[in-house]
Amino acid sequence: MRRIRVVGDGFDPAAEAEALQAGRVDVGATVSFVGYCRGEAGTLAALELEHFPGMAEAEMERIAIEAERRWPLLGVAIVHRHGLVRPGEPIVAVATASAHRAAAFAGAEFIMDFLKTDAPFWKREHRRDQVADPTSPDGWVAAKPGDDAARSRWPEG
Amino acid sequence: MRRIRVVGDGFDPAAEAEALQAGRVDVGATVSFVGYCRGEAGTLAALELEHFPGMAEAEMERIAIEAERRWPLLGVAIVHRHGLVRPGEPIVAVATASAHRAAAFAGAEFIMDFLKTDAPFWKREHRRDQVADPTSPDGWVAAKPGDDAARSRWPEG
Amino acid sequence: MRALYFAWVRERVGLAEEEIAPPPGVDTVGAVMAWLSGRGDNYAAAFAQPGTVRAALDRRHAKPDVAIAGAREIAFFPPMTGG
Amino acid sequence: MRALYFAWVRERVGLAEEEIAPPPGVDTVGAVMAWLSGRGDNYAAAFAQPGTVRAALDRRHAKPDVAIAGAREIAFFPPMTGG
């Protein structure tokens, strides 16, 4: 089972892992990751998420297929928000199901690492104090070098 | 926030990660692991989980505290079933919350690895076909060498 | 071919999308970027730092050395920051 | 002191718990196991393979060389299989 969605409104991140396991007795483990919009100590009003419609879904699907190829996964779900997201709201949910825990954990981590660097989404900060971040005067969040490092810890192939 | 429970009935595993993040804007990531009873291709009627009351909760708490010491976790939840568990039902749920994903993933994996080898629970199989597993004539599930290996990948200290 | 711009590339160019016709010889992703840079200050600002802007051909990531032959759509955008 | 038995250790001993009084000299977890083994076939069957049975003193894991002095409760059980 593969569930891939880009959504413009709030969503229930807990529903994804449950959907992968519902009605099955071959799933021994699910791992669910949820990424949330943080308030940055009260300075952030909202994050605005721009995306490339069509390519975003295609890239999420490609990442899911690659995870299924690398580990014996019985299900993968990826949901990503676009639009305006407030502190405390979910941005992304990734869930994996497998017979055993190692594959479920590795699959979910792999998908998150690749989503960060390869899925066409861009975050812009709307700050509560109207004071621009000096490292990003136009509000667009800069990519983190750590994200490239996280991606490259997975061997090719 | 630390939520540690041993339960004798079914429970909602999705509620644990949600409880760690609810009402907060400092949590950027939650990871939730759920372990389920598998049907073993129709041969398993149920798993019976015996535990050491008191020590089980104490050990789960010690493992949670050690994870909090190793990673900057904002919350940890561990729920473990005892008693008779049917295929498809959850046995264990572990949830972690952190500002960033790496700590949430590592904390959840660490807790699962240590729960497997250190939390005083013992599984016994009730088989549908009444034919005993030759490697375990009394039905008690043998510990897996892989569980010790998973535990020992975490450095001491 | 159709060109799409996202995030600060879109803002600097001042357009979300447009039809472009790269001349003969402008036959790779990187060559299209260099050619666009010469079309005005807005494009120059968008493509100022080589290596910063990423591209996709027909909705697949494409490095600068990839040939554009046969592609109907080319997209330009900053390094991704989703997830 | 109180002795508790779990899972197949409990089934082989035939008791879930009992009061035991290790004699002088039986002062470590491993020594208690060896002493119990000599108390009858049921105990011998439970503690037959040294190294297989695990122990806890006052609800903390304890290796065979740990002294039992001061402990009120000792528990014996197979390697754990929860999670």
Side-chain angles (χ1 to χ4, degrees), chain A residues 12-45 47 74 86-102 104-106 108-113 115-116 144 146-147 149-150 153, chain B residues 12-45 47 74 86-102 104-106 108-113 115-116 144 146-147 149-150 153:
Chain A
D12 175 14
E16 298 306 314
E18 285 183 343
L20 298 184
Q21 191 270 337
R24 300 184 71 149
V25 295
D26 55 346
V27 169
T30 61
V31 168
S32 174
F33 173 89
V34 187
Y36 291 92
C37 176
R38 283 180 287 124
E40 309 298 354
T43 62
L44 190 82
L47 280 179
L74 297 168
R86 307 273 173 194
E89 291 181 358
I91 296 171
V92 60
V94 168
T96 53
S98 184
H100 301 287
R101 75 185 187 283
F105 268 119
E109 285 195 73
F110 174 90
I111 290 168
M112 273 309 302
D113 285 348
L115 274 183
K116 286 265 177 190
K144 293 192 208 78
D147 287 336
R153 71 187 162 131
Chain B
D12 175 15
E16 298 306 314
E18 285 182 343
L20 299 184
Q21 189 269 339
R24 301 185 70 149
V25 296
D26 55 345
V27 169
T30 61
V31 168
S32 174
F33 173 89
V34 187
Y36 291 92
C37 177
R38 282 179 288 126
E40 308 299 354
T43 61
L44 190 83
L47 279 179
L74 297 168
R86 307 274 173 193
E89 291 181 358
I91 296 170
V92 61
V94 168
T96 53
S98 184
H100 301 287
R101 74 185 188 284
F105 268 119
E109 286 196 73
F110 174 90
I111 290 168
M112 272 311 301
D113 284 349
L115 274 184
K116 287 266 177 188
K144 292 193 208 79
D147 287 337
R153 71 188 163 132

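Chain letters run A, B, ... following the sequence lines, proteins first, then strands; residues in each count from 1.
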Does any non-hydrogen side-chain atom of B:Phe33 lie less than 4.5 Å from one of B:Val92?
yes

Could you tell me which portion of B:Glu109 (side chain, backbone, both or neither) has an atom closer than 4.5 angstrom to a non-hydrogen atom of chain A?
both

Distance col, row A:Leu74:CG vs A:Leu20:CG, nearest 0.5 angstrom, shows 9.5 Å

Report which part of B:Arg24 has an atom under 4.5 Å of a heavy atom belonging to chain A: side chain, backbone, both, or neither.
backbone

To the nearest 0.5 Å, what is the distance between CD1 (A:Ile91) and CZ (A:Arg38)?
8.5 Å

Among B:His100, B:Glu18, B:Glu89, residue most engaged with chain A (heavy-atom pairs, under 4.5 Å):
B:His100

A:Ala108 portion near chain B, given a 4.5 angstrom heavy-atom threshold:
both

So which of B:Gly28, B:Gly39, B:Gly88 has the biggest tally of heavy-atom pairs under 4.5 Å with chain A?
B:Gly28

Within the 4.5 Å heavy-atom criterion, are B:Glu16 and B:Val34 side-chain neighbours or not?
no

Mind ranking B:Ala99, B:Pro90, B:Ala22 by heavy-atom pairs under 4.5 Å with chain A and telling me who comes out on top?
B:Ala99

One should read off an interatomic distance between A:Tyr36 OH and B:Arg101 CZ, to the nearest 0.5 angstrom, of 16.0 Å

About how many Å separate CG of B:Asp147 and CG of B:Asp113, when rounded to the nearest 0.5 Å?
8.0 Å

Atom group of A:Ala17 that falls short of 4.5 Å from chain B, counting heavy atoms:
neither

